[in-house]
Amino acid sequence: MDKVKISLEDVANLDFTTIIWIAAPVMFTLVALESYFSYKQNKKLYEGKDFMASTFIGVVNILLNGVMKLGVFAFFLFFYNLTPFYIPMTWWSFILCFIALDFVRYWSHRIAHEQRFWWSTHVVHHNSEYYNLSTSFRLSWTQNLKIIFFLPVILMGFHPFVFLVVHQIEVLYQFWIHTEYIKKLPKPIEYIFTTPSHHRVHHSKNEKYLDKNYGSTLIIWDRIFGTFEPEVEKPVYGITKPIKTYNPFTLVFHEWVALFKDITKAKSAKHAFQMAFGSPVDYHKSEMQKMKVQETSLKKE
């Protein structure tokens, strides 16, 4: 079968969003139940202002994605129509796309933790000191910049419907793993799939847990590439340089602001590049050390 070029109108008319509208009521119901049981059992998994910030960030993200949808589709179609490869839309193409996309999502997620520029598109998902189902709503308003990482999968020639459905499933999978209520699952599941236990490690700022468990749906990539860490000690959530605010705009953009301020102070283009694409963890640790030195000197005075 020959590959047929697809227009922007063709993709815009594809009804791949049904899964989102089915999932949304279930997600909000589960958040309400988790919040209720947390309150009744005095687990303190939720904090009112933190929850409202997460919800506001999530709603704005949905609205922005709606506005930017055609731009994202246009980007996808340009490269889909450009590539000579074509994978027909069959049952096995969904499986192949899932494996390819999950692999790419592992690396895009890992790079988003290892380079400050990309960390700026992701930090809002980690700057809460609470871990509950509503944390999954905290997706950056600038996260669409990371579409560039999906180019290898797009260039493989998957039909847009296949890619977009698989991508939505991958995103929705992230919801249920943001909870303290589900402990470790049976070993075969824990070995292959990303579970709440794995993701609690990922969200913690414990020294041994930093930069671990990047897997989106499958945890096997972490096992293969040496970034897997099992949950042993109790996770402490948040980021290495805490931001004490519930202002959603600050939560989303604080790292961008800090990055651009530092770049303007760079001594050279090379220095600016190192700042933008160096490790955010190393940077924040050095900043925290500077603060401790300043505090010590002030106390001596």
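Sequence positions, counted from 1, serve as the residue numbers for this chain. What you see is a predicted model, and the numbers here were worked out from it, not measured in a lab.
Within a 6.0 Å sphere centred on CD1 of Ile148, heavy atoms belonging to other residues, nucleotides or ligands number 12 at most. Counting non-hydrogen atoms of other residues, nucleotides and ligands closer than 6.0 Å to CZ of Phe79 gives a total above 12. No more than 12 heavy atoms of other residues, nucleotides or ligands sit less than 6.0 Å from atom CZ of Phe28.
For the atom pair CD1 (Ile177) and OG1 (Thr217), the distance works out to 7.5 Å, reported to the nearest 0.5 Å.
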Chi angles and distances behind the side chain to side chain donor-acceptor pair (under 3.5 Å) call for Glu34, Tyr46: CA-CA 9 Å; Glu34 184 185 54; Tyr46 282 78; 2.5 Å; yes

Salt bridge (Lys or Arg N to Asp or Glu O under 4.0 Å) between Arg116 and Glu255, worked out: CA-CA 8 Å; Arg116 279 187 74 194; Glu255 191 67 27; 3.6 Å; yes

Chi angles and distances behind the salt bridge (Lys or Arg N to Asp or Glu O under 4.0 Å) call for Glu190, Lys184: CA-CA 7 Å; Glu190 290 281 336; Lys184 291 191 176 183; over 6 Å; no

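A salt bridge is defined here as a Lys NZ or Arg NE, NH1 or NH2 lying under 4.0 Å from an Asp or Glu carboxylate O, and Lys43 with Glu180 fails to meet this definition. Look at Glu231 and Lys212 and you find no salt bridge, because none of the NZ, NE, NH1 or NH2 atoms lies under 4.0 Å from a carboxylate O.
A donor-acceptor pair under 3.5 Å links the side-chain atoms of Asn213 to the main chain of Glu229, judged by distance alone. Judged by distance alone, the side chain of Thr194 and the main-chain N or O of Gly215 form a donor-acceptor pair under 3.5 Å.
Figure legend: Lys44 and Tyr39 shown without cation-pi pairing, the cationic atom not lying both under 6.0 angstrom from the six-membered ring centre and within 45 degrees of its axis. Taking the ring centre of Phe228 as origin, the terminal cationic atom of Arg223 falls inside the region bounded by 6.0 Å and 45° from the ring axis.
Just one residue in the list Arg138, His109, Gln143 forms a side chain to side chain donor-acceptor pair (under 3.5 Å) with His122, and that residue is His109.
Between Tyr209 and His203, every side-chain heavy-atom pair lies at or beyond the 4.5 Å cut-off. Residues Leu251 and Thr245 are in side-chain contact: their nearest non-hydrogen atoms beyond the backbone lie under 4.5 Å apart. Between Phe249 and Trp141 the shortest side-chain heavy-atom distance falls below 4.5 Å.
Proximity of the aromatic rings of Phe225 and Tyr106 is defined here by a centroid distance below 6.0 angstrom, and this criterion is met.
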